[in-house]
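Some notes on the structure that comes next.
Model, not experiment: these values are computed from the prediction. Excluded from the calculations below are hydrogen atoms, water molecules and symmetry mates; all remaining heavy atoms, backbone and side chain alike, are included.
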Amino acid sequence: MSAIVSLGAYAQISDGFYRLKCKQSGRYLTIHNDYVNKESAKRTGDVDLQSLETFSSFDVVVDDPGSIIYMRKTATGWAIEGQGFTTQGKLDLQLTEVDGAFRVWATVTSDGMSFTKYLRDYEEEPGYSYITTNPDLSSNWEWYFLPVDDSNYFGLNGDVQVGTSYYTTLYATFPIQLGSGMKAFTVNTLTTSACTLEDIGDVVPAKTPVVIQCAGAEASANKVTPLTSSDNTVGTNRLSGRLCVS
């Protein structure tokens, strides 16, 4: 499965949700944790961003909230944000357009010296992306910014089947609008043998762990829309979740 997009859509970047896909390797960037190490910039020529992993298959990232990147314009550049992680305050990212894709770079200071570092896909499996200007690692440094839409969608796989229905769980830092035929539940009471589910409607607030009743088994049947804000609130919720950054 692949996301089909027009190169013309990448020409202008604004605040919003995207997937980042390396032009050369074809791999998708995901937020894995919050590890950023700039100490080795002078010694090895790179900034270690183990916080960012890449995967070649759209099927792997389709239901991963860590693949939904919020690009935020800051006073000094751009920030990559998601699942509790942000580059703001760590790296002031800049974007340079090259033939419909972007080089993502930052100026890093180490021991009084400044270096320009580019976001690059290291291309191992699962693959770490990090910032580098090492001349031997100068490929895989151009990125497509794919807006999250009906083709480059965020969809949930129905992991558990109960009767004829499929269910999964979700914990994301951004609110989501559920697609047709889907329901979201919190757990308001819990015993050693049973729990009570509460239907919270079709909008899941940010940082709210939920059980999702899916419309089908495949992610393509369970498309959800990331939102920047939500007025929906929930009461008691006995569910808990863990972000990739905590």
Side-chain angles (χ1 to χ4, degrees), residues 1-32 35-36 41 44-74 77-83 85-88 90-108 115-155 219 226 244:
M1 183 184 297
S2 61
I4 302 174
V5 291
S6 167
L7 290 182
Y10 311 145
Q12 297 296 325
I13 302 297
S14 58
D15 286 19
F17 293 102
Y18 298 86
R19 280 197 177 94
L20 272 62
K21 182 178 183 180
C22 182
K23 179 179 179 179
Q24 290 81 14
S25 71
R27 298 161 70 88
Y28 295 89
L29 182 149
T30 66
I31 296 174
H32 175 65
Y35 184 87
V36 176
T44 66
D46 65 52
V47 172
D48 189 358
L49 269 173
Q50 291 185 22
S51 49
L52 306 179
E53 290 186 340
T54 56
F55 295 92
S56 58
S57 172
F58 182 71
D59 290 337
V60 172
V61 302
V62 64
D63 65 346
D64 182 358
S67 73
I68 306 301
I69 307 299
Y70 191 82
M71 294 299 299
R72 185 183 302 279
K73 189 73 174 71
T74 70
W78 288 89
I80 289 175
E81 299 180 345
Q83 292 302 88
F85 169 81
T86 180
T87 57
Q88 190 168 3
K90 303 180 179 75
L91 296 167
D92 290 325
L93 298 178
Q94 311 297 321
L95 306 180
T96 302
E97 185 179 1
V98 181
D99 296 330
F102 287 87
R103 292 178 181 172
V104 184
W105 56 276
T107 300
V108 178
F115 306 85
T116 299
K117 307 297 179 180
Y118 290 87
L119 185 68
R120 179 194 175 274
D121 181 13
Y122 190 58
E123 206 176 2
E124 288 188 352
E125 190 66 38
Y128 293 116
S129 290
Y130 55 85
I131 308 282
T132 183
T133 51
N134 187 312
D136 295 327
L137 301 174
S138 59
S139 60
N140 297 342
W141 60 355
E142 294 171 358
W143 298 85
Y144 292 135
F145 283 67
L146 313 180
V148 178
D149 56 22
D150 195 54
S151 58
N152 178 46
Y153 60 88
F154 179 31
C244 59

Exercise for review: Would you please test R120 and C22 for side chain to side chain contact (heavy atoms under 4.5 Å, CB included) and show each step?
Suggested key: CA-CA 8 Å; R120 179 194 175 274; C22 182; over 6 Å; no

Exercise for review: For D121 and S25, run side chain to side chain donor-acceptor pair (under 3.5 Å): C-alpha distance rounded to whole Å, both residues' side-chain angles, the deciding distance at 0.1 Å, then the answer.
Suggested key: CA-CA 7 Å; D121 181 13; S25 71; 2.6 Å; yes

Point to revise | Trace of the side chain to side chain contact (heavy atoms under 4.5 Å, CB included) decision for T30 with L52 | key: CA-CA 6 Å; T30 66; L52 306 179; over 6 Å; no

Review point. Should I80 and T86 be marked as a side chain to side chain contact (heavy atoms under 4.5 Å, CB included) after you check the CA-CA gap, both sets of side-chain angles, and the distance that decides it?
Key: CA-CA 6 Å; I80 289 175; T86 180; over 6 Å; no

Check your understanding: Taking it one step at a time, do L146 and L20 satisfy side chain to side chain contact (heavy atoms under 4.5 Å, CB included)?
Key -> CA-CA 6 Å; L146 313 180; L20 272 62; over 6 Å; no

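Residue V61 comes nearest to S67 through the heavy atom pair O-OG, 3.0 Å, listed as atom of the first residue, atom of the second, then distance. A pairwise comparison of heavy atoms in E142 and A101 identifies CB-CB, 4.2 Å as the closest pair. The nearest pair of heavy atoms linking V148 to R19 is CG2-N, 4.4 Å. Minimum heavy-atom separation, W105 to R103: CD1-O, 3.7 Å. Nearest heavy-atom pair, F154 versus V62, reported as atom, atom and distance to 0.1 Å: CD1-O, 3.2 Å. Scanning both residues, Q12 and Y18, for their nearest heavy atoms gives O-OH, 4.4 Å.
Under the ring-ring contact (aromatic ring centres under 6.0 Å, His included) criterion, Y70 pairs with F17, not counting sequence neighbours. The salt bridge (Lys or Arg N to Asp or Glu O under 4.0 Å) search around E81 returns R72, not counting sequence neighbours.
When atom types are taken as modelled, the side chain of T87 and the backbone of K90 share no donor-acceptor pair closer than 3.5 angstrom. Using modelled atom types, no side-chain atom of T107 and backbone atom of T116 make a donor-acceptor pair closer than 3.5 Å. Side chain of S56 to backbone of R27: no donor-acceptor contact under 3.5 angstrom is found. Between the side chain of D92 and the main chain of G77, no donor-acceptor pair closer than 3.5 Å is present. Of the possible donor and acceptor atoms, one in the side chain of W143 sits under 3.5 Å from a partner among the backbone N and O of L119.
Between Y28 and F58, the two ring planes are tilted [angle within 30° to 60°].
To the nearest 0.5 Å, the span separating CG on D63 from OH on Y153 amounts to 10.0 Å. To the nearest 0.5 Å, atom CH2 of residue W141 and atom CD of residue Q24 are 9.5 Å apart. The CZ atom of F102 sits 9.0 Å away from the CE atom of M71 when rounded to the nearest 0.5 Å.
Stacking of K73 on the aromatic ring of W78 is recorded, both the 6.0 Å distance cut-off and the 45° axial limit being met.
Within the 4.5 Å cutoff, the side chain of V104 has heavy atoms near those of the L95 side chain.
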